[in-house]
Participant: 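The following block contains the structure, expressed as structure tokens.
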Amino acid sequence: QVQLVESGGGVVQAGGSLRLSCAASGRTFSRYAMGWFRQAPGKEREFVAAIAWSAGITRYTVSVKGRFTISRDNAKNTVYLQMNSLKPEDTAVYYCAARSSGSIATLKSEYDYWGQGTQVTVSS
């Protein structure tokens, strides 16, 4: 069993930055692929970024590529999402997810564990 706790959300002006953190329990964290998803009001939860267990392989949705960076610190059992040049359309609840397989995935159904989410609001 893996428990995930997100933090770092908040309110920021357009063009600003935030760094989200996701702390994971469990001794096998380093073997999991990790992902970030987001859900805006009235919309489906969508993929944002993912990182493989080895941290050398990452993937991003097109709309955040070049602005967001996913990283992980296996010694701290933590995955991060650095978000720069934020836009109002980035406003959503951001969720951290863990996948038992170490390989990257972009579909919600491919992830086994989810956090409770953290709100990110970008004002114009």
Side-chain angles (χ1 to χ4, degrees):
Q1 188 76 9
V2 175
Q3 291 186 324
L4 305 173
V5 179
E6 302 97 333
S7 62
V11 180
V12 63
Q13 288 190 330
S17 298
L18 282 174
R19 187 176 82 155
L20 305 183
S21 298
C22 174
S25 65
R27 292 178 292 177
T28 58
F29 171 78
S30 61
R31 302 178 186 175
Y32 286 73
M34 301 296 295
W36 285 97
F37 289 74
R38 66 186 179 187
Q39 187 167 16
K43 294 188 176 181
E44 293 288 323
R45 191 172 300 187
E46 65 173 0
F47 170 76
V48 176
I51 187 166
W53 71 272
S54 66
I57 300 173
T58 58
R59 188 172 296 173
Y60 300 90
T61 192
V62 171
S63 63
V64 308
K65 197 171 293 187
R67 299 188 298 123
F68 291 11
T69 302
I70 188 170
S71 62
R72 66 190 296 162
D73 185 337
N74 288 338
K76 295 183 178 180
N77 279 14
T78 302
V79 63
Y80 304 97
L81 186 67
Q82 178 67 44
M83 306 186 295
N84 299 328
S85 302
L86 282 160
K87 304 176 181 180
E89 51 264 44
D90 294 318
T91 295
V93 177
Y94 282 71
Y95 296 90
C96 173
R99 184 167 187 253
S100 300
S101 166
S103 59
I104 280 184
T106 61
L107 299 179
K108 298 187 297 291
S109 59
E110 295 178 291
Y111 285 82
D112 304 298
Y113 305 99
W114 291 85
Q116 294 299 307
T118 185
Q119 176 71 47
V120 172
T121 302
V122 184
S123 61
S124 57

Participant: Has Arg45 got more than 12 heavy atoms of other residues, nucleotides or ligands less than 6.0 Å from its CZ?
Facilitator: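 Counting neighbours around CZ of Arg45, more than 12 heavy atoms of other residues, nucleotides or ligands fall under 6.0 Å, so yes.
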
Participant: For Ile57 and Ser54, work out which heavy atoms get closest and say how close.
Facilitator: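 For Ile57 and Ser54, the tightest heavy-atom pair comes out as N-OG, 4.3 Å.
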
Participant: Enumerate donor-acceptor pairs with a distance under 3.5 Å from any side-chain N or O in residues 77-84 to protein atoms, sequence neighbours excluded.
Facilitator:
| from | atom 1 | to | atom 2 | distance (Å) |
| --- | --- | --- | --- | --- |
| Asn77 | ND2 | Ala24 | O | 3.4 |
| Asn77 | ND2 | Gly26 | O | 2.9 |
| Thr78 | OG1 | Lys76 | O | 2.8 |
| Gln82 | NE2 | Asn84 | OD1 | 2.9 |
| Asn84 | OD1 | Ser17 | OG | 2.9 |

Participant: On a heavy-atom basis, which atom in Pro88 and which in Ala14 lie closest, and how many Å separate them?
Facilitator: CD-CB, 4.1 Å

Participant: Starting at CD1 of Ile104, measure out to CD of Glu110 and round the result to the nearest 0.5 Å.
Facilitator: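 The CD atom of Glu110 is 11.0 Å from CD1 of Ile104, to the nearest 0.5 Å.
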
Participant: Return the minimal non-hydrogen interatomic distance between Tyr60 and Thr69, and the atom names on each side.
Facilitator: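 Result for this residue pair: OH-CA, 3.4 Å.
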
Participant: Counting C-beta onward and ignoring hydrogens, is there a side-chain heavy-atom pair between Thr61 and Glu46 closer than 4.5 Å?
Facilitator: no

Participant: Enumerate donor-acceptor pairs with a distance under 3.5 Å from any side-chain N or O in residues 117-124 to protein atoms, sequence neighbours excluded.
Facilitator:
| from | atom 1 | to | atom 2 | distance (Å) |
| --- | --- | --- | --- | --- |
| Thr118 | OG1 | Gly9 | N | 3.2 |
| Gln119 | NE2 | Ala92 | O | 3.4 |
| Gln119 | NE2 | Thr121 | OG1 | 3.3 |

Participant: Donor-acceptor check, side chain of Arg72 to backbone of Ala52, threshold 3.5 angstrom: yes or no?
Facilitator: yes

Participant: Does the pair Trp36 and Phe68 meet the rule for a side-chain contact (heavy atoms from CB on, under 4.5 Å), with working shown?
Facilitator: CA-CA 11 Å; Trp36 285 97; Phe68 291 11; over 6 Å; no

Participant: With a 3.5 Å distance limit and no angle check, can you tell me whether Ser25 reaches the backbone of Gln3 through a side-chain donor-acceptor pair?
Facilitator: yes

Participant: Take a 6.0 Å sphere around CD of Gln116 and say whether it holds more than 12 heavy atoms from other residues, nucleotides or ligands.
Facilitator: no

Participant: When clusters are formed from ILVMFWY side-chain contacts under 4.5 Å, directly or step by step, what else is grouped with Val93?
Facilitator: Phe37, Phe47, Tyr95, Tyr111, Trp114

Participant: Kindly indicate whether the side chain of Phe29, heavy atoms from C-beta on, has any atom under 4.5 Å from the side chain of Val2.
Facilitator: no

Participant: Under the rule for side chain to side chain contact (heavy atoms under 4.5 Å, CB included), what residues qualify as partners of Ser7, not counting sequence neighbours?
Facilitator: Ser21

Participant: Sequence neighbours excluded, which residues qualify as side chain to side chain contact (heavy atoms under 4.5 Å, CB included) partners of Ser101?
Facilitator: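 Side chain to side chain contact (heavy atoms under 4.5 Å, CB included) list for Ser101, sorted by chain: Arg99, Ser103.
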
Participant: With sequence neighbours left out, what residues match Arg67 under side chain to side chain contact (heavy atoms under 4.5 Å, CB included)?
Facilitator: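 With neighbours one apart ignored, the set is Val64, Ser85, Lys87, Asp90.
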
Participant: Enter the distance from Leu86:CG to Thr91:OG1 here, rounded to the nearest 0.5 Å.
Facilitator: 8.5 Å

Participant: For the OG1 atom of Thr28 and the CH2 atom of Trp53, what is their distance to the nearest 0.5 Å?
Facilitator: 13.0 Å

Participant: Quick check: closest heavy atoms across Met34 and Cys96, and the distance to 0.1 Å?
Facilitator: CE-SG, 3.6 Å

